[in-house]
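Take a look at the structure below.
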2 protein chains.
Amino acid sequence: MRYASTHKNETRQKLLDSSRAIAKKGGFASTGVDALMASIGLTGGAFYSHFPSKQALFEALVAEEMENSSSMLAGDKDAPDNHVAKCVRDYLSSFHAMNPDVGCALPVLGAEIARAGPEVRSTVEAALKRTQKSWSARTGDADAAWALIAQCVGAVVLARAVESERTRKEILAASRRFIDKAERKGASAPTSS
Amino acid sequence: MRYASTHKNETRQKLLDSSRAIAKKGGFASTGVDALMASIGLTGGAFYSHFPSKQALFEALVAEEMENSSSMLAGDKDAPDNHVAKCVRDYLSSFHAMNPDVGCALPVLGAEIARAGPEVRSTVEAALKRTQKSWSARTGDADAAWALIAQCVGAVVLARAVESERTRKEILAASRRFIDKAERKGASAPTSS
DNA sequence: GTCTATACGTAGATAGAC
DNA sequence: GTCTATCTACGTATAGAC
């Protein structure tokens, strides 16, 4: 064979990695197959040796993204006590707000996911529940776990939607302070930073 | 003249109203000018008598949307004490999650707004600040005001991104309960329902 | 597996008749 | 102001040569 047996997998992974950043920066629908392939040095026609359709790439992309995110956010059994607080701080950082291409997929692709098929949304749901369960176990408050995730996603959406750097930082900082306050005031199981 | 002097304004408003629903249902970029015009019984060519470009329609649309939302959320001086709590309950309702076309623009258009120009983002910023200031004054907690807005937007994004109705309702209910709890435990100025 | 060429649809926008 | 026709660009996807 003219190509090594690992070549296809390598190319597929390069395509996924590159598409990930491009989709998170500019939206998935907004970028064409030609541009995605060009970003890894290939032409558009070669795309269909790796995915049957652009939609299939979206599904694979979201699956990978959510797998990465939930692994990072859920943490493993060796994670420190302040794991959740640390995740929230990172999520609500200016760096995250200003670099969507290396950040969480939900604030950028949330609307596109909402309009996608059941497979995509099931994948997202499973990943979200994994994070929620982990945070729930760590903090002892199931409602707060969902609320934390929601607030993180929402704050990043807001931070990216406003114009001034001042307001962007204000939104993120206010969210961080609010979570710190709520945590101190009250969970049934204190696991704060 | 062959058209009444009010005709242009009426058509423009019909276009805005129709585009509003379509954009919130399927995204702004995903729908073409022809389809937008067809939804009010006109053809694509007539669009450019009302807006110089599709982008200009987006700006007008977002401005109107944010004006409507912030008016409703900020409330007027006659609003009852539980105004904020009532807004949050409505925002976090299943109805809102399942009917994006008549709901808040931020969860659907947030990513597109983030990629838009400074004019659009400034408009959004002003509207958000208006709501935040109002809620801040009513609850006496400036951080909580931003956090509440963020949590509302994020919860709706999440609720729409998951597949099962069960999880969708769980996310919304958990967020509502969390806010109720946080409110009872603690703001400096108790203005709860 | 990747290329070029191409089919085919639709996008945003413009020109000129009415 | 609205229409039809059209330009140009780009979208997804396929066919066949290498």
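Letters A, B, ... are given to chains in the order of the sequence lines, protein chains preceding strands, and every chain is numbered from 1.
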- Asp34(A) CG to dT4(C) P, straight-line distance once rounded to whole Å: 11 Å

- Mind checking the OG-CG spacing from Ser94(A) to Leu92(A)? Nearest 0.5 Å is all I need. 10.0 Å

- Message: I need the NZ-C1' distance between Lys54(A) and dG9(C), as an integer number of Å.
- Response: 15 Å

- Tyr48(B) has an atom OH; how far is it from atom P of dA11(C), in whole Å? 11 Å

- Per Ala46(B) side chain, nearest of listed nucleotides dG1(D), dG1(C), dT2(D): dT2(D)

- Among Lys8(B), Glu64(B), His50(B), find the residue that satisfies the side chain to side chain contact (heavy atoms under 4.5 Å, CB included) test when tested with Gln13(B). Glu64(B)

- Query: Any idea how His96(A) and Tyr91(A) line up, ring-wise: parallel (<30°), tilted (30 to 60°), or perpendicular (>60°)?
  - Reply: perpendicular

- Query: Starting at CZ of Phe51(B) and ending at C1' of dG12(C), how long is that distance when rounded to a whole Å?
  - Reply: 15 Å

- Interatomic distance where NE2 belongs to His50(B) and C1' belongs to dG1(D) [whole Å]: 6 Å

- Task: Using a strict 4.0 Å threshold on nitrogen-to-oxygen distance, state whether Arg166(B) and Glu170(B) make a salt bridge.
- Result: yes

- Rounded off to whole Å, could you give me the CG-to-C1' distance for the Leu42(A) and dT2(C) pair? 7 Å

- With heavy atoms under 4.0 Å as the rule, sort Gly45(A) into base, sugar-phosphate or nothing. base

- Task: State which of dT12(D), dT2(C), dT2(D) makes the closest approach to the side chain of Thr11(A).
- Result: dT2(C)

- Message: Just the rounded figure in Å: distance from P of dA13(C) to CZ of Phe47(B).
- Response: 7 Å

- Distance in angstrom units between Glu10(A) CD and dT2(C) C1', rounded: 15 Å

- Message: For dC3(D) and Thr43(B) - does any side-chain N or O of the residue sit under 4.0 Å from the phosphate oxygens OP1/OP2?
- Response: yes

